[in-house]
Amino acid sequence: MFEWQVTARSGKARAGAFTTPHGILKTPVFAPVGTQATVKAITPAQLHELGAQLVLANTYHLHLRPGSELVAEMGGLHQFMQWDGPMLTDSGGFQVFSLAETRRIDEDGVNFKSHIDGSAKRLSPEISIAIQENLGADIIMAFDECADPRNKTYSAEAMKRTHAWAKRCLKVKKREDQALFGIVQGGVFDDLREESARFISSLNFPGNAIGGLSVGETKEEMYRSIEVVNAVLPEDKPRYLMGVGTPEDLIEGVLRGVDIFDCVLPTRLARHNSAMTLQGRLNLMNAVYAKDPAPIDPDCRCYTCTHFSRAYLRHLINAREMLSATLLSIHNLHTLLQLARDLRAAIQQGNLEDFAAAALEKFSLPQPSEAKQ
RNA sequence: GGACGGUUACCCAAGUGGCCAACGGGGACUGACUGUAAAUCAGUUAGCAGAAGCUUUCGGAGGUUCGAAUCCUUCACCGUCCA
């Protein structure tokens, strides 16, 4: 179980397979995010149709509601939400960052105010692992602290806590059918990143994650940090870049040796009326699309693009019909899932360099909306 | 025929002498979004500039006043009630 096999390489990029109790992840892979045990606006059947391999859920949110014991009682996360493929739960570490105004951190853990009812809640490495064992995802994450990436003093403190917490997570983890991944922190500081990558590598997790990126730093800082970390992280373990994201970042990440990605962006942008394409984003509520019979992306083979016009999607958005969120989520997820598949194929066929160069070139071309006019 | 009430920007609607280019809502338009407190948030919505500023607006016309969406006269239209 949790065997990691690299099947092809191209520069630093790898194509691989990670075996989990609910199936094999063929990497590079993009994971849709289903924070509250649902990928918003998308059914599990649609996820299958899209070819999604791995789905995320969140420890903090499910702990607050409905509670991990309830999920366990209902047969675990897979059974509860009816997703039978591989799942990953985030540890709640990101919420330490995103709910910054309502929490207090100490060496042992974090006190939160619930964003739902304001009640006092606590997360620690031990609590997070206990929750994640109740939830029952295939991959679970170490409880970490994601800091302001530009603040070195804070990044160093958060990194040290993350390291101490990683050891405690390993210590209390019991279930054999779950793989615990460690998380590298260190902000945008190369020395911290390197130190963190060394430490996390030394704990010999079955997989390693890069956390604390795509949270306000520049692209250059992010890409450099990935390079610094991946130079240290072991080759014989999958690498997971947390919270990333855009098509460009997927390509840049794969080129630097990342295997797993997740991001809320495709589904959030979909609910916010934005379509992701490999040429850039379309804001489908824009008036220019009112009478546009073309699909979002004429080259896209997703359900949305093979059936519906931009004009129709704009109408749904304008009329505040919820189908717009579903159709756009299908398209955006397809864009990233297909890109990951294409990257994998390119690595296996040995033409990743050309594929990546051609794809990255497209992002500098005029946006589809501009090109039309 | 008479008595009241009303007419404000794309729509609804506040404002009853200067702090009004005019509250608020809707609509429309635009932007943002990267391990989801996000079906959210922000901006624009008379014209020209697009910082400051200038020009034309509150049913029409005329008047009072240093100054009017706000007061007066008159006309038009809408509503309610009485004949």
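To find a chain, count down the sequence lines: A is the first, B the second, and so on, and within it residues start at 1. The shown structure was predicted, so the numbers you read here are calculated from the model rather than taken from an experiment.
For RNA chain B, the neighbouring residues in residues 30-66 of chain A, judged by any heavy atom under 4.0 Å, are A:V33, A:T35, A:K40, A:L56, A:N58, A:H61. Residues from residues 109-132 of chain A with heavy atoms under 4.0 angstrom of RNA chain B, sorted by number: A:H115. Residues from residues 172-188 of chain A with heavy atoms under 4.0 angstrom of RNA chain B, sorted by number: A:I183, A:Q185. Using a 4.0 Å cutoff on non-hydrogen atoms, the parts of residues 227-257 of chain A near RNA chain B are A:M242, A:G243, A:V244, A:G245, A:T246, A:D249, ordered by number.
Residue contacts shown for A:G93 are absent, as no nucleic acid heavy atom lies under 4.0 Å away. Counting any heavy atom pair closer than 4.0 Å across all strands shown, A:D90 reaches a base atom. Among the protein residues, A:E101 comes within range of the nucleic acid bases, having at least one heavy atom under 4.0 Å from a base atom.
As a member of the Ile/Leu/Val/Met/Phe/Trp/Tyr network built from side-chain separations under 4.5 Å, A:F189 groups with A:M159, A:V188, A:L192. The hydrophobic cluster analysis finds A:M322 isolated: no Ile, Leu, Val, Met, Phe, Trp or Tyr side chain comes under 4.5 Å of it, directly or through other members.
Residue whose closest nucleotide on RNA chain B sits further toward the 5' end, between A:A325 and A:M222: A:M222.
Across the C1' atoms, B:rA51 and B:rC72 are found 42 Å apart, a figure rounded to whole Å. Atom name P, nucleotides B:rU80 and B:rG26: the rounded distance is 30 Å, in whole Å. Spacing between B:rC54 and B:rC71 at atom C1', rounded to whole Å, works out to 29 Å. Going from the C1' atom of B:rC81 to that of B:rU64 covers 34 Å, rounded to whole Å.
Rounded to an integer number of Å, the gap from CD1 of A:I226 to C1' of B:rU34 is 12 Å. Separating the CG atom of A:L99 from the P atom of B:rA38 is a distance of 9 Å, rounded to the nearest angstrom.
In A:R104, the CZ atom is not crowded: 12 or fewer heavy atoms of neighbouring residues, nucleotides or ligands sit closer than 6.0 Å. The local environment of NZ in A:K219 is crowded, with over 12 non-hydrogen atoms from other residues, nucleotides or ligands closer than 6.0 Å.
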Legend entry - Per-nucleotide protein contact string for nucleotides 40-47 of chain B, where B marks a base within reach and S marks sugar-phosphate only (heavy atoms under 4.0 Å, - for neither): B-------
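Side-chain atoms of A:T102 lie closest to B:rA37 of the nucleotides B:rA37, B:rU30, B:rU36. Of the candidates B:rU36, B:rA28, B:rG31, B:rU36 carries the atom nearest the A:R268 side chain, counting heavy atoms from C-beta on. Taking every side-chain heavy atom of A:R314 into account, B:rA28 is the closest of B:rA37, B:rC33, B:rA28.
Listed by first and then second residue, the salt bridge (Lys or Arg N to Asp or Glu O under 4.0 Å) pairs that reach into residues 228-237 of chain A are A:R9-A:E235, A:R14-A:E235, A:E235-A:R239, sequence neighbours excluded.
In this structure, B:rC77 and B:rG6 make a Watson-Crick or G-U wobble pair, each of the two defining distances being under 3.5 angstrom.
A salt bridge does not link A:D117 with A:R65: every distance from a Lys NZ or Arg NE/NH1/NH2 to an Asp or Glu carboxylate oxygen is 4.0 Å or more. The pair A:R224-A:E220 fails the salt-bridge criterion, with no side-chain N (NZ, NE, NH1 or NH2) lying under 4.0 Å from an Asp/Glu carboxylate O.
Residues satisfying the salt bridge (Lys or Arg N to Asp or Glu O under 4.0 Å) test with A:K152, not counting sequence neighbours, are A:D191. Take A:T335 and apply the side chain to side chain donor-acceptor pair (under 3.5 Å) test, not counting sequence neighbours, and it matches A:H331.
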Ignoring hydrogens and angles, write down the donor-acceptor pairs under 3.5 Å from the side chains of residues 16-31 of chain A, residues two or more places apart or on other chains.
residue	atom	partner	partner atom	Å
A:T20	OG1	A:H22	N	3.1
A:T20	OG1	A:G23	N	3.3
A:T20	OG1	A:G23	O	2.7
A:H22	ND1	A:H78	NE2	3.4
A:H22	ND1	A:D138	OD1	2.7
A:H22	ND1	A:D138	OD2	3.4
A:T27	OG1	A:G16	N	3.0
A:T27	OG1	A:G16	O	3.4

Solution key, residues 265-275 of chain A side-chain donor-acceptor pairs under 3.5 Å, sequence neighbours excluded:
residue	atom	partner	partner atom	Å
A:T267	OG1	A:V264	O	3.1
A:R271	NH1	A:T267	O	3.1

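Side-chain atoms of A:T267 come within donor-acceptor range of the base of B:rU36, with a qualifying N/O pair under 3.5 Å.
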Inset, instruction - Begin with the C-alpha distance, continue with both residues' side-chain angles, and end with the deciding distance and a verdict on ring-ring contact (aromatic ring centres under 6.0 Å, His included) for A:F308 and A:H315. - result: CA-CA 11 Å; A:F308 304 101; A:H315 160 67; over 10 Å; no
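Side-chain N/O atoms of A:D90 and A:Y60 include no donor and acceptor closer than 3.5 Å.
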